[in-house]
Each structure stands twice: as C-alpha cells, then as structure tokens.
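Because the structure is predicted, anything quoted here is derived from the model rather than measured.
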2 protein chains.
Amino acid sequence: MKSNEYDRRVWKTRQAIHDALSSLMEEKKYSKITIQEIIDRANVGRSTFYSHFATKDELLFSSVEDLLEILNQYIKSYIEHDEENPRLISVVDFFEHIQENSKIMKGLLKSEGGDLFFEKVEAYWNDGIEEYLQSKLPKGKAPKVPIKILSNHISSTLLSLLKWWVKNDMSYTPIQMDQYFRDLIDPCIDSVVSNHSTMD
Amino acid sequence: MKSNEYDRRVWKTRQAIHDALSSLMEEKKYSKITIQEIIDRANVGRSTFYSHFATKDELLFSSVEDLLEILNQYIKSYIEHDEENPRLISVVDFFEHIQENSKIMKGLLKSEGGDLFFEKVEAYWNDGIEEYLQSKLPKGKAPKVPIKILSNHISSTLLSLLKWWVKNDMSYTPIQMDQYFRDLIDPCIDSVVSNHSTMD
DNA sequence: TCATTACTGAACATTTTGTTCGATTTAATT
DNA sequence: AATTAAATCGAACAAAATGTTCAGTAATGA
C-alpha cells in the first residue's frame, strides 16, 4: 500500500496547479480565471484537477492557507507578547513577511478571490484583538468606543495599511509602516486602557 | 418617432431586472447569481436583458449607481462644509442614508460584487479627503503620517465602520456612529492640522 | 519486480453565456 | 382611433466552461 500523501506525483501536480493559479493571478482577476486556463498552464489533465480540488475557490484557499496561517501567527504572538506595555506591540516583522510574499499578495489584491482571503484574515485578527482589548479593559469603566467597534477598527486598519502598502509598491520600510500603524492606532487604544503614556 | 429613454416599457424592464438582482442578492452571493436566474425572476426575455446590459457587472454598477452618487455627495459636502472647524464634520446624515438603503447595502455586503462597489466608493472618498488634508496641511510642516496614508486610513475607517454597522444590524444610532467615527479619527487628524482643540 | 496509485485524455452531459431574428406587443404621436 | 416606431418575446443557435466517467498508461513505494 502507498500513502498517497507522500507520493511525489501528488506533490508535483498540486504544486503545478498552485503555480499556475499564482501566475494567472498576476495577469488577471481571479473571477476571470477559468479552470481550463489553470489546467492548461499547469499541464495537468482535467480529471486530475478535480481529483485534487472540487472548485476553484477550494484551490484558492488551499493556495493561501500557509500564508493565512503565518499572518495569523504574527498577530497572535503580537497580541500575546504583551507583558509590560499595554499597547499592541510591533508589526515590523509582519510587514517584512508580507514583503517576502509580495507576489502572491499582489495577486490577491487584484482579485475578488482575494477579498475572500482578506475577510478571513480580518475576522481572525478581529477575534484576537477583541479578546486582548477585553482583557485590558479596566473593570467598571466603559470605553469611549465599544470594544467590538474598536477591535474591528484596529484589524481593518492593519489590513488597509497592508493593502495600501502593497498597492503602492511597498514604498516605505516595514519599520516606517509599523510606526504609522502605531500613530494611527495608539490614541484609540489609549481611550480603552488607562495607561496614558506618550510614546516615542 | 419615440424617444426610447422615456418609454414606459424601458423603465419597467430595467426596474424589473434591478429588482430581480436586488432580491437575489439577499439570497445568495453575487458571483453565484446567473443571468438566467435574473431574467427568470424579472420575467424578461434573454435578448431583452442583453439589450440593456452587456454583462452582469454592468447591471450591478447600474444598480448601485444612484447609491454611489449619493454617498459621494455626502462625503463631498462633508468635506467642503468646513469653514470654522478644521476637522471633518458630521457623518450623521451619511449613516442615516445608509439606514434607509439597508436592503441593498446588506446585499452588497454578501457579495464579491459588493467589493467592486465599495472599492469605487473608497477610491472616491480617498481623493476628496486627500485633497482636503492637503489644503489643511500647515506649510513647511511635514505630518507625522504621510497624507496619502492618512487619507486612505480615514476613508477605509469610514467604510469599515459602515460595513460593521450594517453587518451588525445597525444596532447603534447614526449619531452614535458619528461620534465613534470622530473618536477614532480626530486624533489622527489633529496630527496634521495644527489646531489642537478638544472637542465635544 | 510488482502491486498500487496517480495521471492522462477523450468522451460525454450540463450549464451558462451571448447572439440573432422574425413575430408580437406596447407606447407615443397625430 | 389609427399609425408607426420601438421594445420585448422566445426560440434557436453557437460557444465556452463546468463537472463526471472510465479505460489505458505511467510512476511510485515497498
């Protein structure tokens, strides 16, 4: 018996399909890409594609799964690594990682498929950030802005910064982007956590 | 000769098609809606559809054209109505208008088609806000955060507030949403315009 | 080597898109 | 009310894309 998971053929085929999608996404919007084009470029049979992925969306999610996991980890560590300072910490390494995956990011930005991806990212961040804010909320003191709105604002700000940055050819350094993120967000967080220290 | 623009039939057909799309968008994602379904529900012939709209996207844009125009107008007046106070003014009436069009807004949020719409909205706002910020920028004094990033942040914040609000069944009043918007954004604007007045 | 598994590719059914065109209905105008 | 131009209908097409099936071939792990 073989364990199909480790069959070289499987790996090669999936890789070829992922690469085909990735390269097609540099050229056109996800919604305009057909499965036909994918299998042509990947050089695999029609039935082969369907034996791996049921739909185009499934392929997309499989393609960005790793990236999604990594981005989520950044935010997770970013939120948890927080003993001494009540503010959210650095997103420098986050932006650095985006930089390393700029190709797929650009592809995602062009497509409506990307929106599905970014929604997932944002939802995940949102949960983590809300949990963080809840834990930092002084008891008995209602925040100026509801926690749910604030966490939504923080995650959407990070995401919109990310999108803007990629769309504008990453013309600032990750360190600068981190600073801008803090400039935009820190005052809002100050209104929740009591510690009003001026930073920098 | 007839002037087709004012032919009742034209108006009725287009209305039926728009309504069909609108009602379908309440049920399923835009990308999953077929032209077949639209013409079935609208009760118009296939050729009739194509005599009005070349593609499904064209129909969508036509459907939200009015809404788009109105939203743009709000932001325009919102930016220009700005003699005494250096901050952006009220978005209360903006949220009120969203409330009145909640049906179509909810449909837009469900769909990737909506993303196309929201991108347009955001791009338009962004231009106006950037222009506004440029005009308010004290000469010779560089802002903490680049104007382009800041204007992007403001428009994306308004949009994400709007999305959050609609998704959460508009559980706050437009007045509250206006206040939250200011709470989130005013500190950022303060870093650009010199006038540091505490508000409210 | 050998059994197993994955891939091929062609054939097929289905769905959706988009076009065409003559017949029919509808509305504006006189 | 009659005329006339335009809009709609609907059926018939062609084309493209999706998704399934299956027998034959190739590659792999043991």
Side-chain angles (χ1 to χ4, degrees), chain A residues 1-63 107 110-113 116, chain B residues 1-63 65 107 110-114 116:
Chain A
M1 307 95 200
K2 319 282 165 54
S3 39
N4 57 11
E5 276 289 297
Y6 302 106
D7 195 317
R8 286 199 206 98
R9 288 172 295 179
V10 174
W11 189 86
K12 277 175 69 178
T13 299
R14 297 179 75 96
Q15 191 64 27
I17 294 174
H18 281 136
D19 288 349
L21 175 64
S22 171
S23 101
L24 279 165
M25 292 222 315
E26 291 187 290
E27 294 166 23
K28 44 160 67 177
K29 297 169 75 172
Y30 172 76
S31 66
K32 301 295 176 194
I33 296 173
T34 68
I35 292 176
Q36 193 60 55
E37 289 174 298
I38 295 171
I39 63 180
D40 284 349
R41 186 162 306 194
N43 242 300
V44 299
R46 183 159 203 76
S47 51
T48 306
F49 178 92
Y50 283 106
S51 76
H52 286 280
F53 310 100
T55 65
K56 203 175 63 168
D57 282 358
E58 197 174 302
L59 165 62
L60 176 67
F61 282 121
S62 159
S63 288
K110 215 191 311 277
S111 65
E112 310 88 32
L116 292 173
Chain B
M1 309 94 199
K2 318 283 166 55
S3 38
N4 56 11
E5 274 290 296
Y6 303 105
D7 194 316
R8 287 198 207 99
R9 289 171 295 179
V10 173
W11 189 87
K12 277 174 68 179
T13 299
R14 298 178 75 96
Q15 191 66 26
I17 293 174
H18 281 135
D19 288 349
L21 176 64
S22 172
S23 99
L24 281 165
M25 291 219 318
E26 292 187 289
E27 295 166 23
K28 45 162 65 179
K29 296 169 77 174
Y30 172 76
S31 65
K32 301 295 176 193
I33 298 172
T34 67
I35 292 175
Q36 193 61 53
E37 289 174 297
I38 296 171
I39 64 181
D40 285 349
R41 186 163 304 196
N43 242 300
V44 300
R46 182 160 203 76
S47 52
T48 306
F49 178 92
Y50 283 106
S51 76
H52 286 281
F53 309 100
T55 64
K56 204 176 62 168
D57 282 358
E58 196 174 303
L59 165 61
L60 176 68
F61 282 120
S62 160
S63 288
E65 200 166 58
K110 214 192 310 277
S111 63
E112 310 87 35
L116 292 173

Discussion item. Can you tell me how far apart CD1 (B/I39) and OG1 (B/T34) are? Round to the nearest 0.5 Å.
Written reply: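 It comes to 8.0 Å.
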
Practice prompt. Determine the minimum heavy-atom distance between B/K56 and B/I33, stating which atoms define it.
Written response: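 Between these two residues, the closest heavy atoms are NZ-O, 2.8 Å.
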
Fill in: Atom of A/E27, atom of A/R41 and distance for their closest heavy-atom approach
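Distance-wise, the nearest heavy atoms are OE2-NH1, 2.8 Å.
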
Worksheet item: Taking N and O atoms by type only, does the side chain of A/R46 place a donor or acceptor under 3.5 Å from a partner on the base of C/dG9?
Response: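 Result: no qualifying N/O pair found.
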
Fill in: Distance-only donor-acceptor test, B/R9 side-chain atoms vs D/dA6 base atoms, 3.5 Å
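Indeed there is one.
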
Worksheet item: Would a distance-only check, ignoring hydrogens and angles, find a side-chain to backbone donor-acceptor pair under 3.5 Å from A/Y30 to A/D57?
Response: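 At least one qualifying donor-acceptor pair exists.
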
Worksheet item: Quick one: is C/dC7 close enough that its OP1 or OP2 comes under 4.0 Å of any side-chain N or O from A/H52?
Response: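 Checking C/dC7 against A/H52, a side-chain N or O does come within under 4.0 Å of OP1 or OP2.
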
Discussion item. Does a side-chain N or O of B/Y50 approach OP1 or OP2 of C/dG18 to a distance below 4.0 Å, or not?
Written reply: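 Yes, B/Y50 has a side-chain N/O under 4.0 Å of OP1/OP2 on C/dG18.
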
Between [atom2] on [N] and [atom1] on [X], what's the gap in Å once rounded to a whole number?
X     : N      : atom1 : atom2 : answer
B/D7  : D/dT4  : CG    : P     : 18 Å
B/I35 : C/dT17 : CD1   : P     : 5 Å
B/F53 : D/dT8  : CZ    : P     : 10 Å
A/I39 : D/dA17 : CD1   : P     : 11 Å
A/F49 : C/dA10 : CZ    : P     : 19 Å
B/R8  : C/dT25 : CZ    : P     : 18 Å
B/K12 : D/dC9  : NZ    : C1'   : 14 Å
A/I33 : D/dA17 : CD1   : P     : 13 Å

Worksheet item: Should B/F49 and B/L59 be marked as a side-chain contact (heavy atoms from CB on, under 4.5 Å) after you check the CA-CA gap, both sets of side-chain angles, and the distance that decides it?
Response: CA-CA 9 Å; B/F49 178 92; B/L59 165 61; 3.8 Å; yes

Item to complete: Nearest-nucleotide wise, let me know which of B/K56 and A/S47 is further upstream toward the 5' end of DNA chain C.
Response: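 The residue mapped nearer the 5' terminus is A/S47.
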
Worksheet item: Pick the nucleotide of DNA chain D nearest each of A/E37 and B/S51; which residue has the one closer to the 5' end?
Response: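 So the residue in question is B/S51.
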
Discussion item. Does A/T48 reach a base, just sugar-phosphate, or nothing at all? Heavy atoms under 4.0 Å.
Written reply: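 Base, at least one base atom sits under 4.0 Å.
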
